[in-house]
Amino acid sequence: MNRYSLNQATTKYWPLEDVVAASAKAGLEWIGLWREPIQEYGVDKAARLVADAGLKVSSLCRSGFFTSTDAVERKAKIEDNRRAIDEAATVGTSVLILVSGGLPPGSRDLDGARGMVRDGIAELAPYAEERGVTLAVEALHPMFCSDRCVVSSLGGALDLAEQFPASQVGVIVDAYHLWWDADVYRQIERAGERIVSYQVSDWVVPLPEDTLLGRGMMGDGSIELRRLREACDAAGYDGPIEVEIFNQQLWDAPGQEVFDLALARYQEHVL
């Protein structure tokens with residue numbers, strides 16, 4: 001249980017103070033943070049809140065979104081990523097999760113979009129290392145390739161990451177996005193020291209109209225969560241395991257109820 005971390009996005013409408021208090025009361029060591037709510041709360045204030053509760057931040061989510069054909073917009077995205085690196089350093093995490101961005105509007109140039117992601121990472125990676133932050137490339141399920149993330153497999157994420165030192169760029173193993181891939185276990189072994197987070201939720205059907213909110217509670221779907229965790233362990237990853245679920249029904253439920261359920265399901269299906 002010393003690896004368990006609830007990403008605050010799982011209880012989206014629960015105030016940060018309550019998530020932190022519940023985590024500390026449960027004797028947990030970690031919490032995952034999300035940029036927009038901690039910006040609204042105050043980044044420095046959030047850092048003090050978490051530290052005063054005796055918790056550590058497993059990751060800050062999210063940055064990236066490098067893909068644009070407009071030079072001014074690309075520059076603005078780089079500057080926002082620099083701010084995200086600073087925020088990660090402020091809250092005390094070494095892991096900043098990057099979602100690459102989808103195809104630019106009207107574009108069909110997938111290779112070109114992936115080149116923009118590579119170029120963006122190249123511009124940011126040295127600065128991230130100076131701040132003690134690893135840029136964590138997250139591959140999303142292929143259904144998000146056009147509008148959200150042109151990196152659609154762990155192999156693709158590693159192809160990007162391996163162009164940089166492991167101290168600068170790592171990868172995320174997110175069960176929801178990767179479980180379907182017949183090559184995922186070989187890629188986890190390949191990833192080795194570049195794995196900087198393992199994130200869990202479950203794949204449930206039918207998917208909702210807004211597929212972004214299609215993640216289920218662990219144990220409610222199809223994913224071999226324990227097998228993936230054991231593969232990450234075997235590859236050398238022994239860091240936090242984040243519960244990250246986007247699900248409107250869970251968001252609408254009482255925060256403590258979701259917190260307790262996630263903790264129980266983690267013990268049952270991930271450990």
Side-chain angles (χ1 to χ4, degrees), residues 5 7-9 30-39 42-44 46-47 50-51 55-68 71 73-102 113-140 148-151 154-174 177 190-199 232 235-242 244:
S5 177
N7 188 297
Q8 72 175 126
W30 299 94
I31 186 171
L33 298 181
W34 201 267
R35 284 190 74 197
E36 288 80 3
I38 69 162
Q39 288 171 346
V43 177
D44 291 328
V50 171
L55 298 171
K56 296 172 287 186
V57 179
S58 50
S59 75
L60 179 64
C61 194
R62 58 186 166 47
S63 192
F65 296 96
F66 298 105
T67 52
S68 174
E73 185 177 2
R74 282 201 306 274
K75 182 177 179 180
K77 288 175 182 289
I78 292 295
E79 292 309 308
D80 182 62
N81 276 274
R82 288 187 189 275
R83 287 191 294 272
I85 291 167
D86 292 337
E87 291 163 4
T90 297
V91 299
T93 183
S94 61
V95 179
L96 175 63
I97 296 177
L98 298 184
V99 176
S100 68
R114 288 171 175 157
M116 293 176 189
V117 178
R118 180 197 60 236
D119 293 346
I121 292 173
E123 190 163 350
L124 293 164
Y127 180 69
E129 185 172 29
E130 288 176 11
R131 298 303 315 269
V133 174
T134 299
L135 303 178
V137 180
E138 181 173 17
L140 268 57
R148 185 163 292 270
C149 187
V150 294
V151 181
L154 183 56
L158 285 167
D159 289 344
L160 270 173
E162 288 173 350
Q163 299 177 55
F164 307 93
S167 58
Q168 296 179 351
V169 184
V171 296
I172 304 294
V173 177
D174 187 316
H177 292 299
R190 171 190 169 193
E193 66 174 340
R194 288 191 186 267
I195 300 172
V196 294
S197 181
Y198 175 43
Q199 294 184 328
C232 290
Y237 180 68
D238 59 1
I241 300 171
E242 279 193 6
E244 184 190 66

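Excluded from the calculations below are hydrogen atoms, water molecules and symmetry mates; all remaining heavy atoms, backbone and side chain alike, are included. Position 1 is the first residue of the sequence; numbering continues from there.
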TODO: Using modelled atom types only, decide if a donor and an acceptor are shared between the side chain of T67 and the backbone of A113 within a distance under 3.5 Å.
DONE: no

Task: Minimum heavy-atom distance between W34 and R62, given as atom pair plus value - done: CZ2-NE, 3.5 Å

Open item on the list: Nearest 0.5 Å, please: how far is OH in Y198 from CG in D238?
Closed with: 15.0 Å

Open item on the list: Could you check whether any side-chain N or O of T93 sits under 3.5 Å from a backbone N or O of V95, counting only pairs where one atom can act as donor and the other as acceptor?
Closed with: yes

Open item on the list: To the nearest 0.5 Å, what is the distance between CD on E242 and SG on C61?
Closed with: 7.5 Å

Task: Closest heavy-atom pair and its distance - A136, I172 - done: CB-CD1, 3.4 Å

Open item on the list: Quick check for you: to the nearest 0.5 Å, what is the distance between E87 atom CD and D44 atom CG?
Closed with: 10.0 Å

Open item on the list: I'd like to know if the side chain of N81 reaches the main chain of K77, judged simply by a donor and an acceptor atom lying under 3.5 Å from each other, with no hydrogens or angles considered.
Closed with: yes

TODO: Using a strict cut-off of less than 4.0 Å between a Lys/Arg side-chain nitrogen and an Asp/Glu carboxylate oxygen, indicate whether R83 and E79 qualify as a salt bridge.
DONE: no

Using atom types as modelled, flag every donor-acceptor pair under 3.5 Å from a side chain in residues 120-133 to any protein atom, sequence neighbours excluded.
from : atom 1 : to   : atom 2 : distance (Å)
Y127 : OH     : D86  : OD1    : 2.5
Y127 : OH     : D86  : OD2    : 3.4
E129 : OE1    : Q168 : NE2    : 2.8
E129 : OE2    : S167 : OG     : 2.7
R131 : NH1    : D86  : OD1    : 2.6

Open item on the list: Check whether R118 reaches the backbone of L160 with its side chain - one donor and one acceptor, N or O, closer than 3.5 Å.
Closed with: no

Task: Minimum heavy-atom distance between V57 and V91, given as atom pair plus value - done: CG2-O, 3.4 Å

- [ ] Might you point out which heavy atoms bring A166 and R194 nearest each other, and give the distance in Å?
- [x] CA-NH1, 3.4 Å

TODO: Please report the closest heavy-atom contact between W30 and L55, naming both atoms and the distance.
DONE: N-CD2, 4.1 Å

Task: Heavy-atom pair with the smallest gap, counting every atom of A139 and L154 - done: CB-N, 4.0 Å

Task: Derivation and outcome, side chain to side chain contact (heavy atoms under 4.5 Å, CB included), residues Y237 and E193 - done: CA-CA 7 Å; Y237 180 68; E193 66 174 340; over 6 Å; no

TODO: Please answer whether the main-chain N or O of G32 pairs with a side-chain N or O of S5 as donor and acceptor at a distance below 3.5 Å.
DONE: yes

TODO: Output yes when R190 and D159 qualify as a salt bridge under the 4.0 Å nitrogen-oxygen rule, no when they do not.
DONE: yes

